[in-house]
Amino acid sequence: MKTSEAADPAAILRQLPSVDELLHTDTGIGLLPETGPRRLTRLARTALERLRQIVQNMVAESAEQGVNYSKEILLKDAQRFLMEEWQAEQRSAQRRVINATGVVIHTNLGRAPLSENARRAIAEEAAGYCTLEYEMETGKRGRRGQRAEDLLKELTGAESALIVNNCAAAAFLVLTVLAAPGEVIISRGELVEIGGDFRVPDVLARSGAVLREVGTTNRTKLSDYAKATNDSTRMILKVHPSNYRIVGFTESPAVSDLAELAHSRGLLFYEDAGSGALIDLAGLGLSDEPVIGASIRAGVDVVTFSGDKLLGGPQAGLIVGKAEIIERIRNHPLYRALRVDKLAYAALQETLEAHVRGTALDEIPVLRMLAMSREQIEQRTAIFSVRLREKVAEDSGLQFEIIGGNSVVGGGSAPAVYPETVLLVLTQAKFPGVRLEQYLRTSNPPVITRIVDNKVVIDLRTVTESEENELLEILARHAEARTR
Ligand SMILES: *Cc1c(COP(=O)(O)O)cnc(C)c1O
């Protein structure tokens, strides 16, 4: 930035380019089609203000040493700052990332990645005009979500189904329509915070229903529920604690016993199952997750669960249960405010189709990733590291080793299950792990990794095979840059 001509602080500041000059540089002209004129002017002002501050500080520091800044140099710096401002704004945009963390249902990274069929359905069947509320046979108005609802009925054995924006909305709606302003009995052990701002008691209380807590944190008996019923009681609620487990001296009544108690007192029995598996996932080590069909068979009147946890679909709140109850919810004005859009229906429909076909474990990414054995991941990681070795020069200093470790289910599901995996540990001479993590995070596409003991670790469980190639290129580029 410095040249050694005579120093005159005021003269130097006068050399700063104007907004107009900056807009007419190659950088300004090049950015214009993407930014549009108004935004480009705003970015240019910010860039020039930054430059002015820096120049002012430098002039103040080095006035006696006879330092000057030429107009050309300042214009170059201004262009660089303009580009940086634009890039910084774009970084806050939502975009695709490679999830190399091994956290399968990663809430911050969009929970469940959609299946190929669900992606295709969004782009080809839903993005334009579609039959959202149109009945093909009659050419008249149809019911939105009919097909997805029918599939849910088939999968759970419930009489009826309804789809809203997410499971928190579903719980709120169920209590508003079916319980408020009456009382809802809930075990103290189930008044939990599920993460992502969902505190069971907060949302439930907002509905206008009154929560009647029974039992203790670790033990609640059927008789505790029975004793709490009175004339105002409308409902017994069971909440799956999701990301939270009490182990040891615990007790809670069987779902079928609670159903019997509720019905003998003329009450509704509602279960918020949370992640809610449609098929038994015990084979994947997930034996604690409620299977929705089993709850329906045990006599639960209405069950809610998320679309983007173990179901592996888009964000949605799924409500299944008795036909008369579902119709009451459907006819409530609040349903209109919580309904989902055509993109969500398209993705959900395809996700449910895979479950009905019996191909969910192969087709649905979340389930496929969870089903991957340690041996499979080990084999992929070994091949990946050989390919990386071929691409990366010895003198880059990039080292890698393969160690045993654990993946995470995530999304508040199966908190005690850590599927065995292998991890690729990356280290580089004179380059701290946090800097490598940052490099990967800011690459294109961003690669999100875990840091363990100040080292970057990669778990290929959550990386698809096509993303492996991109990851390889990004690591090779990094290594090459470090050898230059
Ligand atoms: C995750 C979860 C919710 C919230 O679901 P969203 O779809 O994120 O709104 C509610 N209840 C339970 C039991 C959960 O596990």
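Each ligand, and each atom within it, is numbered from 1 in the order the structure gives.
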Participant: Let me know which of Gln90, Arg42, Arg50 forms a side chain to side chain donor-acceptor pair (under 3.5 Å) with Glu85.
Facilitator: Arg50
Participant: Numbering the atoms of ligand 1 from 1, which are under 4.0 Å from a heavy atom of His240?
Facilitator: 13 (C)
Participant: Would the distance check show the side chain of Thr156 and the main-chain N or O of Ala158 forming a donor-acceptor pair, the cut-off being under 3.5 Å?
Facilitator: yes
Participant: Locate the shortest heavy-atom distance separating Ile329 from Tyr335; write the atom from each residue and the value.
Facilitator: O-CB, 3.5 Å
Participant: Can you check whether Ala273 has an N/O within less than 3.5 Å of an N/O in ligand 1?
Facilitator: no
Participant: Among pairs that include at least one residue of residues 292-305, which meet side-chain hydrogen bond (donor to acceptor under 3.5 Å, both in side chains), considering only residues two or more places apart or in two chains?
Facilitator: His263-Asp301, Tyr270-Thr304, Glu271-Ser295, Asp272-Thr304, Asp301-Lys322
Participant: Can you tell me which residue pairs pass the ring pair (Phe, Tyr, Trp, His ring centres under 6.0 Å) test with a partner in residues 434-469, sequence neighbours excluded?
Facilitator: Tyr439-His478
Participant: Relative to the heavy atoms of Ser306, which atoms of ligand 1 are at a distance of less than 4.0 Å?
Facilitator: 5 (O), 6 (P), 7 (O)
Participant: Just heavy atoms, cut-off under 4.0 Å: does Lys309 contact ligand 1 by side chain, backbone, both, or neither?
Facilitator: side chain
Participant: As an exercise, identify every atom of ligand 1 less than 4.0 angstrom from a heavy atom of Ala168.
Facilitator: 4 (C), 5 (O), 6 (P), 9 (O)
Participant: Side chain, backbone, both or neither: which applies to Arg111 and ligand 1 if a contact is any heavy-atom pair less than 4.0 Å apart?
Facilitator: side chain
